[in-house]
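Below is one structure; the comments refer to it alone.
Just so you know, ligand 1 is whichever comes first in the structure, and atom 1 is the first atom listed for that ligand.
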Amino acid sequence: MEINDFIRKGIRDLKPYQVPGVSYSIKLDAHENPYPLPDRLRAKVEKVMANLPLNRYPDPGAVKLRQAIADYTGLDTDWITVGNGSDELIQSIMLAFGENVVYPEPTFDMYPILAKVTGLSLKGIPLGDNFCLDDEAIIQAAKENQPSLIFISSPNNPTGNSFPREKIERIIVESGALVICDEAYYEFSGESFIPWLAQYENLIILRTLSKLGLAGLRVGYMLASPSIIREINKVKLPYNLNTVSQEIAALVLTDFEPISSQIKEIVAQREEVSQCLKALPGIDSFPSRTNFILMRSNLPGADYIWSELVKAGILIKNLNREGALKDCLRVSIGTHEENAAIISALNRIVFDSEIV
Ligand SMILES: Cc1ncc(COP(=O)(O)O)c(C=O)c1O
């Protein structure tokens, strides 16, 4: 018997998700919020935790959390479902809908990975110069491969830019596909597609609390018409979101001001880091509407910079691969001290290398 013979097509060539096994003191690789939960919220969390009924299953309807999301987004609760991170919701969408997944490339890796896991066919449409969206080609690909799901992260991970609203609206109107607008970075860009939900029945919006300081809780949510939510609720596991995550997420969303302050600080820091990167020879950086910045270095090169940063105890994401991300690195915005540390390390690396 060969285990290989049992592995489904599409799974065989996938690699398990891994982070590099290196030691570091500054972590800027996963676009998390670098700040701990503010004291006021931490005190509330401690109080709530003392009385959680952990002997019982979590609320399968996540009523309290969905109400908190409704208040936060201005939508009714029947337009909302929650997931164990938005990753899980992406998977649920692919389990419930479509046969083909269309997405711009490069984008969030989980779109093609989960398309393979769920057995859907996939088509990546390259972004153009300066990572601009090829709306025409996306519409064409969806029309040729019905029924399609089009995933668009705006702002986009890992490029950091937002796509023009007119292009996204054209895709929603003309593609004949279900269009998933992933707003994982909404709080850093301030741009949302929520106002379109009432108008376009084929629109789904995804959000996450991971970038807002709750990555460890794994909470994502989806906004769509009740007829779409109903189908998603058929495929999602009944107790997908644990009690602790539901309670803390609801608590944070209903007292969001302390997190808003952290987000403002991260956005201000993003602009500072961006200015500092511009001053560095050998590194090109791209405009960002997120909590990370994409940069490129032909010389001294992404691999060299990444390993020198690791030697300095700083972990960022090395995206270097053939194609649009050749020689690219992605750095999350950290605390003021962390940002100062990476800028000074990059200065040293660039000036110590042969290029200057
Ligand atoms: C565009 C996009 N969508 C979704 C996610 C995943 O979010 P979650 O942590 O809620 O699964 C990420 C995380 O990096 C992302 O960049």
Side-chain angles (χ1 to χ4, degrees), residues 17-19 27-34 62 65 69 72-73 80-95 101-115 117-118 124 127 131 133 149-163 168 179-189 191-193 204-224 232 236-237 240-242 245-246 248-249 252-253 259 263 266 270 286 288-294 315-319 325 328-333:
Y17 185 77
Q18 268 181 336
V19 281
K27 185 175 188 303
L28 297 173
D29 66 324
H31 26 97
E32 297 141 331
N33 176 343
L65 174 56
I69 295 168
Y72 181 72
T73 59
I80 299 164
T81 192
V82 294
N84 196 264
S86 51
D87 284 352
E88 188 196 34
L89 292 166
I90 296 167
Q91 178 171 281
S92 296
I93 293 168
M94 292 180 182
L95 287 172
V101 176
V102 179
Y103 50 90
E105 230 172 11
T107 190
F108 183 42
D109 283 340
M110 291 312 286
Y111 307 148
I113 291 172
L114 289 172
V117 167
T118 53
L127 291 172
F131 304 125
L133 190 68
L149 303 172
I150 300 175
F151 280 83
I152 299 179
S153 159
S154 185
N156 187 38
N157 175 15
T159 56
N161 59 322
S162 291
F163 300 125
I168 295 177
V179 180
I180 299 93
C181 288
D182 190 335
E183 295 187 355
Y185 302 95
Y186 157 68
E187 279 79 4
F188 304 97
S189 73
E191 302 159 27
S192 176
F193 302 100
I204 296 177
I205 292 174
L206 291 177
R207 294 250 185 108
T208 177
L209 302 196
S210 296
K211 318 298 168 192
L212 307 181
L214 299 177
L217 287 186
R218 306 299 297 127
V219 179
Y221 60 96
M222 174 176 153
L223 310 169
I232 295 295
K236 95 177 172 65
L237 297 175
N240 61 329
L241 195 53
N242 71 76
S245 295
Q246 289 193 31
I248 299 178
V252 167
L253 284 175
I259 300 286
I263 291 166
I266 293 166
R270 175 185 78 200
F286 297 91
S288 170
R289 305 297 310 265
T290 64
N291 60 344
F292 59 80
I293 296 177
L294 184 75
L315 182 67
I316 67 169
K317 183 86 173 173
N318 186 0
L319 297 166
L325 294 176
C328 282
L329 298 153
R330 188 189 60 200
V331 57
S332 310
I333 303 302

Supply the atom-to-atom distance T208 OG1 to I90 CD1, rounded to the nearest 0.5 angstrom.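 Interatomic distance, T208 OG1 to I90 CD1, rounded to 0.5 Å: 9.5 Å.
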For S153, is at least one N or O under 3.5 Å away from an N or O on ligand 1?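 S153 vs ligand 1: no N/O contact under 3.5 Å.
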Considering both backbone and side-chain atoms of K211, is one of its nitrogen or oxygen atoms within less than 3.5 Å of a nitrogen or oxygen in ligand 1?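 Among all N and O atoms of K211, at least one is under 3.5 Å from an N or O of ligand 1.
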Atom 7 (O) of ligand 1 [closest protein heavy-atom partner, distance rounded to 0.1 Å]: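 Among all protein heavy atoms, the one nearest atom 7 (O) of ligand 1 is S86 OG, 3.1 Å.
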Considering heavy atoms of the protein only, find what lies nearest to atom 6 (C) of ligand 1 and give residue, atom and distance to 0.1 Å.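 The closest one turns out to be D87 OD1, 3.3 Å.
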Is the backbone of I152 close enough, under 3.5 Å, to the side chain of D182 for a donor and an acceptor to pair up by distance?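 Checked: no pair found.
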Should T290 and R270 be marked as a side-chain hydrogen bond (donor to acceptor under 3.5 Å, both in side chains) after you check the CA-CA gap, both sets of side-chain angles, and the distance that decides it? CA-CA 8 Å; T290 64; R270 175 185 78 200; 5.6 Å; no
Is E32 salt-bridged to K211, cutoff N-O under 4.0 Å?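 Between K211 and E32 there is no salt bridge, as every charged N stays at least 4.0 Å from the carboxylate O atoms.
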Salt bridge check: are D87 and R218 linked by an N-O gap of less than 4.0 Å?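 Counted as a salt bridge, because a side-chain N and a carboxylate O are separated by less than 4.0 Å.
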[X]: numbered ligand 1 atoms lying under 4.0 Å from its heavy atoms:
| X | value |
| --- | --- |
| S210 | 8 (P), 9 (O), 10 (O) |
| H31 | 14 (O) |
| N157 | 14 (O), 15 (C), 16 (O) |

So, applying side-chain contact (heavy atoms from CB on, under 4.5 Å) with I150, which one of V101, V102, I180 is it?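 Among V101, V102, I180, the one meeting side-chain contact (heavy atoms from CB on, under 4.5 Å) with I150 is V102.
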Between ligand 1 and R218, can you find any atom pair, the residue atom being a heavy atom, that is separated by under 4.0 Å?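 Flag set, R218 near ligand 1.
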Ligand 1 contact on D182 by region, counting heavy-atom pairs under 4.0 Å: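 The side chain, only.
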Give me the ring orientation class for F188 and Y185: parallel if the planes are under 30° apart, tilted from 30 to 60°, perpendicular past 60°.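 Plane angle between 30° and 60°, so tilted.
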